[in-house]
Amino acid sequence: MFSKRIKVKELLQLTPNEQEVTVMGWVRTFRNNQFIALNDGSTNNNIQIVVALGLLDDATLKRITTGAAIKVIGNVIPSVGKGQSLEIKANSIEILGDSDAEKYPLQPKKHSLEFLREIAHLRFRTNTFGAVFRIRHALTFAIHQFFNDKGFLNIHTPIITASDAEGAGETFRVTTLPIDGTAPRNADGSINFNEDFFGKSTNLTVSGQLEGELAATAFGNIYTFGPTFRAENSNTTRHLAEFWMIEPEMAFYDIEDNMDLAEEFIQYIISYVMEHNKEDLTFLDARLAEEEKQKPQNERQEFGLIEKLKFVVENKFERITYTQAIDILLNSPAYKKKKFKYDVKWGIDMQSEHERYLVEKHFKKPVIVSNYPAAIKAFYMRLNDGEEAGKETVAAMDILAPGIGEIVGGSQREERYDVLLKRMQQFNIPLQEMNWYLDSRRFGTVPHAGFGLGFERMVQFVTGMTNIRDVIPFARTPKNCEF
RNA sequence: UCCUCAGUAGCUCAGUUGGUUAGAGCAUCUGACUGUUAAUCAGAGGGUCACUGGUUCAAGUCCAGUCUGAGGAGCCA
């Protein structure tokens with residue numbers, strides 16, 4: 001019965017010559033007891049169904065409401081009306097699922113994103129979220145395609161891990177021990193995790209990088225694409241407690257190779273969406289332009305969405321060192337006029353305002369900043385040679401994007417056993433637990449590098465959505481775990 | 001976690017100096033119309049003013065606390 005269904009996307013490509021088709025989908029609007037705008041999620045565009053007077057009895061007509069699921073058999077004809085080139089003259093309409101218009105929350109009118117977030121189970125049915133999630137899918141596909149074409153292996157790193165090795169923020173604990181205070185204790189009163197499911201303290205992963213490095217030292221080039229979890233109490237438009245990350249890791253790569261790959265990668269996946277999701281991007285572009293109009297002149301974006309993406313794809317990213325970045329900030333009018341809230345000097349961890357200045361005011365394009373002070377970066381990053389004492393740097397690189405900030409963080413990894421060991425001791429990393437990681441440096445160690453890209457931030461960048469909660473189907477944030 | 005702002009009809013909002021029966025647009029329902037495009041026109045229904053406590057003759061309005069949401073900061077991807 002359902003196999004005859006034609007999707008609206010294909011249907012709209014047809015040349016109308018009265019051919020009979022079967023379409024199914026959800027009613028967006030029903031005007032004049034005569035015109036149904038039907039959407040099936042295959043495209044942002046609706047197909048118009050024309051219901052001739054007398055085709056349906058009154059009771060059935062009343063059941064064609066916003067949100068109802070229907071099956072239509074009819075003929076494809078050229079449209080007399082202005083909004084569309086073709087339409088379907090219905091021969092029969094079957095109600096597959098009723099939708100009580102008095103109770104259905106999605107009305108044929110504009111809704112705020114905040115309201116739609118509260119009904120995230122239904123927001124897929126709106127134009128905006130339809131476009132966002134089709135693009136999210138396209139990006140996912142493009143990412144796998146990019147790496148597959150380059151011979152990278154996709155590695156599934158574990159979601160439950162035993163160490164918060166990277167020190168990347170608070171973790172969610174994983175345990176089967178009771179939480180009512182009756183958990184087994186050690187002599188000193190602390191919880192005895194020997195009794196726990198895994199026989200040790202475990203948590204949800206904050207990154208698959210360390211395991212990724214192990215795979216890279218066998219396969220050469222690998223990437224991970226999976227969920228990660230951070231129990232940080234972050235309440236911003238750029239943070240989620242559960243988010244997806246892409247982490248390529250490459251043997252025989254230095255920091256320059258790493259930057260080249262990251263730049264090519266970002267340009268590739270954006271190009272893919274520009275080619276395959278034109279309608280969705282056009283819709284979001286218009287939506288954003290409309291929103292910009294509401295803002296005062298001085299807060300408006302310089303570029304439209306599509307313009308911005310085109311610019312990123314067609315221009316080389318700016319590359320500077322951390323030291324150069326600090327010099328630019330120190331010599332900036334903003335600094336001289338004391339516009340920065342936080343002070344600037346060599347050694348600081350740059351604040352949002354500094355990164356924004358570099359990306360949005362100074363260069364006005366994506367910027368790759370490299371060679372950060374060793375003191376403010378992770379233990380596994382490779383120490384650069386020949387730096388004076390107190391000015392040591394590591395081969396790290398961050399890609400900063402306009403409007404979002406850090407979108408990629410990566411580095412060449414410390415492959416020298418002795419140096420790594422010393423760094424781990426400095427950072428108080430428990431060596432016993434990390435023996436497996438050190439083995440990669442004991443046996444056939446090799447220069448290697450990699451980076452991590454926050455998937456949702458990438459989706460934000462491509463769709464122009466300003467809140468990260470609107471680019472993941474069901475957002476997990478502090479005090480919110482609905483659906 | 002910190003700072004700022006907000007919470008009034010299904011949605012978006014107005015509500016004056018504390019004062020009598022809390023309003024509008026859209027949505028919904030009823031009717032009309034029948035080539036509409038967020039259809040149009042006429043009418044109707046719809047409220048625990050976030051919650052708890054306080055001040056007062058009187059609180060949507062003032063005060064305190066709590067909860068929730070938004071924006072910014074920190075942390076980061």
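In this text, all values refer to a predicted model and were calculated from it rather than measured experimentally. Residue numbering restarts at 1 for every chain, and letters A, B, ... go by the order of the sequence lines.
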Whole-angstrom distance between [N] and [M], as gauged at atom [atom1]:
| N | M | atom1 | answer |
| --- | --- | --- | --- |
| B/rG7 | B/rU48 | C1' | 15 Å |
| B/rU61 | B/rG15 | P | 14 Å |
| B/rA59 | B/rC49 | C1' | 11 Å |
| B/rU55 | B/rU12 | C1' | 33 Å |
| B/rC26 | B/rA9 | C1' | 12 Å |

Using a cut-off of 4.0 Å on non-hydrogen atoms, how would the nucleic acid contact of [X] be classed: base, sugar-phosphate, or nothing?
| X | answer |
| --- | --- |
| A/Y342 | sugar-phosphate |
| A/G83 | base |
| A/E353 | nothing |
| A/K89 | nothing |
| A/T236 | base |
| A/S79 | base |
| A/F115 | sugar-phosphate |
| A/L453 | nothing |
| A/H111 | sugar-phosphate |
| A/E118 | nothing |
| A/P108 | sugar-phosphate |
| A/N480 | sugar-phosphate |

Handout entry: Check: A/T43 side chain, A/N45 main-chain N or O, donor-acceptor pair, under 3.5 Å
Key = yes

Problem - Donor-acceptor contact below 3.5 Å, side chain A/T29 vs main chain A/R31 - result: no

If [N] has a Watson-Crick or G-U wobble mate with both distances under 3.5 Å, name it; if not, just say none.
| N | result |
| --- | --- |
| B/rG71 | B/rC3 |
| B/rA14 | none |
| B/rU66 | B/rA50 |
| B/rG43 | B/rC29 |
| B/rU37 | none |

Whole angstrom value for the distance that separates [atom2] of [N] from [atom1] of [X]:
| X | N | atom1 | atom2 | result |
| --- | --- | --- | --- | --- |
| A/Q48 | B/rU34 | CD | P | 18 Å |
| A/N33 | B/rU37 | CG | P | 15 Å |
| A/E355 | B/rC76 | CD | P | 11 Å |
| A/E102 | B/rU30 | CD | C1' | 11 Å |
| A/R28 | B/rA38 | CZ | P | 13 Å |
| A/K341 | B/rC2 | NZ | P | 15 Å |
| A/K62 | B/rG31 | NZ | C1' | 10 Å |
| A/L53 | B/rG35 | CG | C1' | 11 Å |

Do [X] and [Y] have side chains that approach each other closer than 4.5 Å (heavy atoms only, starting at C-beta)?
| X | Y | answer |
| --- | --- | --- |
| A/R382 | A/R413 | no |
| A/L86 | A/L12 | yes |
| A/R28 | A/P108 | no |

Completion exercise
Rounding to 0.5 Å, atoms CD1 (A/I429) and CZ (A/F379) come to a distance of 4.5 Å

Fill in the blank from the handout: The answer to which of A/E456 and A/K479 contacts RNA chain B further toward the 5' end, by nearest nucleotide, is A/K479

Handout entry: Residue met sooner reading RNA chain B from 5', once A/T65 and A/I77 are mapped to nucleotides
Key = A/T65

Handout entry: A/F35 ring center within less than 6.0 Å of A/F30 ring center
Key = no

Can you tell me whether the side chain of [X] and the base of [N] have a donor-acceptor pair closer than 3.5 Å?
| X | N | result |
| --- | --- | --- |
| A/Q107 | B/rG10 | yes |
| A/Q84 | B/rU36 | yes |
| A/E87 | B/rG35 | yes |

Report yes if at least one side-chain N or O of [X] is closer than 4.0 Å to OP1 or OP2 of [N]; otherwise report no.
| X | N | value |
| --- | --- | --- |
| A/S112 | B/rU12 | yes |
| A/R31 | B/rA39 | yes |
| A/N467 | B/rG71 | yes |
| A/R117 | B/rU68 | no |

Problem - A/E392 and A/R423 ion-paired at < 4.0 Å - result: no

